[in-house]
Amino acid sequence: MEFVTFTIIIDDIVYPDGHTAMCCLGGGGPQTAFGMKLWASDQERVGLAARVGSDFPSSCQEWLQNMKIDVNGLLHWPYPTLRAWQVLEEDGRRGQIWRMELGEEVWGMLRPTISELPPIYRKAKAYHACVHPSTLDKDFMQELRSTGAAVVSIEPYTHAEDILTRTELRTLVTGGHIFSPNEKEAVSLVGPGPPLDLIDRLVELGAEVVSLRRGPLGCVVHRADTGETWDVPAFHGVIRGLLQVSEDKQIEEAGIIGVIDPTGCGNSFCGGFLAGWVQSHDILTAALCGSVAASFMVEHEGIPQPQLSTLKAQANARFQLLRKHVKQLRLD
């Protein structure tokens, strides 16, 4: 197994105008697996680990099967599959309302421990996990590192509500080889400042590779060993201007739809970034792979249709288009 990610929640999405998209694969794991699968070779396997109930929707099972995502890591147990309303607001805010009673079992459903998974999952080349920005997931991060995986990627799934000690911060940012917060999450950890200052503080705490996600502004990425730093704009921010002035065949090949729903874009970015990094060990390539993966997610309600060969061809065209607009920075 080359890539493994975690967590499934069934999302019922309510959009600002009141219309809904029901029974969507969510929770971050499917979106991350999508980003991984977009760039994985035909020989590289992507696995998804979570617990699901007997009510796990057949449409969700079919999507995973059609995307050729390994589901041997989906463990069944006697509780309903986690399900929640995702309520989106015009200003970008999102609220989550659980549709079930939650008990202590919720943590085990979101993310089984490595020891509970099939042997092939315990020997993956790379893992990506969303964690709480505190010490709650310290043991799990250590468990991932102890597998001997070549790369572990860590993504906070929310901002920190409490001030973390320096020791706690170091534990979080060094939990993996890649640390990928969004800008709000980074500010909650190391205080306000421009992107390069945030990255500098994270590196000072021990982060090896930082991918700072900035939503519609794209991302700034940095590797500590070489000091290499890149600013990669969001794909749709770049393409909006190009569509008005160009009829380039490459734009047509990119299969652009338009911005519909940002839910899951950060997760798909992280999956694409990890796949790109594992394959190339080049931080710009990884950032472009992540940005392109997010560009597909934002074009759909829920998750893109599993038309893998078409998506891969369009992804390559988008990669080449976006590459022309990156900017190298210096982290002094």
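Note that CD1 of Ile199 and CZ of Arg223 are 14.0 Å apart. Values are rounded to the nearest 0.5 Å. Here the CZ-CH2 distance, from Arg51 to Trp77, works out to 5.0 Å after rounding to the nearest 0.5 Å. Expressed to the nearest 0.5 Å, how far CD1 of Ile283 lies from CG of Leu288 amounts to 11.0 Å. In this structure, the separation between CG on Leu212 and SG on Cys219 is 8.5 Å, given to the nearest 0.5 Å. Separating the CD1 atom in Ile260 from the OH atom in Tyr15 is a distance of 8.0 Å, to the nearest 0.5 Å.
Residues Lys125 and Val151 form no side-chain contact, since every pair of their non-hydrogen atoms from C-beta on lies 4.5 Å or further apart. Within the 4.5 Å cutoff, the side chain of Leu48 has heavy atoms near those of the Pro30 side chain. Side-chain contact between Ile10 and Phe56: present, with at least one pair of heavy atoms (C-beta onward) separated by less than 4.5 Å. The side-chain heavy atoms of Leu64 and Leu25, taken from C-beta on, include a pair separated by under 4.5 Å.
Sorted by first and then second residue, the pairs that involve residues 56-72 and meet side chain to side chain donor-acceptor pair (under 3.5 Å), not counting sequence neighbours, are Asp70-Asn72, Asp70-Tyr121.
What you find for Gly276 and Cys289 is that their closest heavy atoms are CA-SG, 3.9 Å. When all heavy atoms are compared, the tightest approach of Ser180 to Pro156 is O-CD, 3.6 Å. Shown here for Leu205 and Arg166, the closest heavy-atom pair between the two residues is CD2-NH1, 3.7 Å. Nearest heavy-atom pair across Asp261 and Cys265 is O-SG, 4.2 Å. A pairwise comparison of heavy atoms in Met297 and Pro304 identifies SD-CD, 3.6 Å as the closest pair. Between Ser295 and Val292 the shortest heavy-atom distance is OG-O, 2.6 Å.
Salt-bridge check for Arg111 with Asp137: passed, with a basic side-chain N closer than 4.0 Å to an acidic carboxylate O. Salt bridge annotation for Glu44-Lys37: absent, with no cationic side-chain nitrogen under 4.0 angstrom from a carboxylate oxygen.
Taking the six-membered ring where the residue is Trp, the centroids of Phe140 and Phe6 are separated by under 6.0 Å. His128 and Phe3 have their aromatic ring centers separated by at least 6.0 angstrom.
Summarising the local packing, NZ of Lys312 is surrounded by more than 12 heavy atoms from other residues, nucleotides or ligands at distances under 6.0 Å. In Arg323, the CZ atom is not crowded: 12 or fewer heavy atoms of neighbouring residues, nucleotides or ligands sit closer than 6.0 Å. Counted within 6.0 Å of CD on Gln328, heavy atoms from surrounding residues, nucleotides or ligands total more than 12; the atom is thus considered enclosed.
No hydrogens or angles considered: nothing links the side chains of Glu143 and Ser146 as a donor-acceptor pair under 3.5 Å. In summary, the side chains of His300 and Gln305 do not present any donor paired with an acceptor at a separation below 3.5 Å, with no hydrogens or angles considered. Checked by atom type, the side-chain pair Ser115/Arg122 shows no donor-acceptor distance below 3.5 Å. Between the side chains of Gln279 and Trp277, no donor N or O sits under 3.5 Å from an acceptor N or O. Side-chain atoms of His222 and Thr229 form a donor-acceptor pair, as typed in the model, at a separation below 3.5 Å. At a cut-off of 3.5 Å, with distance as the only test, no side-chain donor of Gln86 or Asp12 sits close to an acceptor on the other residue.
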request  = For the pair Val14 and Leu88, evaluate side chain to side chain contact (heavy atoms under 4.5 Å, CB included) and give the outcome as yes or no after the intermediate values.
outcome  = CA-CA 6 Å; Val14 182; Leu88 308 184; over 6 Å; no
request  = Starting from the C-alpha separation in whole Å, work towards a yes-or-no answer on side chain to side chain contact (heavy atoms under 4.5 Å, CB included) for Phe273 and Ser291.
outcome  = CA-CA 8 Å; Phe273 186 97; Ser291 298; over 6 Å; no
inquiry  = Set out, in order, the CA-CA distance, both residues' side-chain angles and the distance that settles side chain to side chain contact (heavy atoms under 4.5 Å, CB included) for Arg201 and Asp197, then state yes or no.
reply    = CA-CA 6 Å; Arg201 294 169 199 163; Asp197 285 358; 4.0 Å; yes
From CA spacing to verdict: side chain to side chain donor-acceptor pair (under 3.5 Å), Thr165, Thr167 = CA-CA 5 Å; Thr165 67; Thr167 298; 4.7 Å; no
message = Does Arg213 form a salt bridge (charged side-chain N to carboxylate O under 4.0 Å, His left out) with Glu185? I'd like the steps, not just the answer.
response = CA-CA 10 Å; Arg213 296 175 283 111; Glu185 292 157 355; 3.6 Å; yes
query = Does the side chain to side chain contact (heavy atoms under 4.5 Å, CB included) test come out yes or no for Asp11 and Trp85, once each step is laid out?
reply = CA-CA 6 Å; Asp11 286 342; Trp85 292 108; over 6 Å; no
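A donor-acceptor distance shorter than 3.5 angstrom exists from the side chain of Asp55 to the backbone of Thr81, with no hydrogens or angles considered. Looking only at distances, no side-chain donor or acceptor of Arg214 sits under 3.5 Å from a matching main-chain atom of Val220. Side-chain atoms of Thr20 never come within 3.5 Å of backbone atoms of Met22 as a donor-acceptor pair (strictly under, hydrogens ignored). Between the side chain of Arg145 and the main chain of Thr174, a donor-acceptor pair closer than 3.5 Å is present.
Under the 6.0 Å distance and 45° angle rule, Arg318 counts as a cation-pi partner of Phe296.
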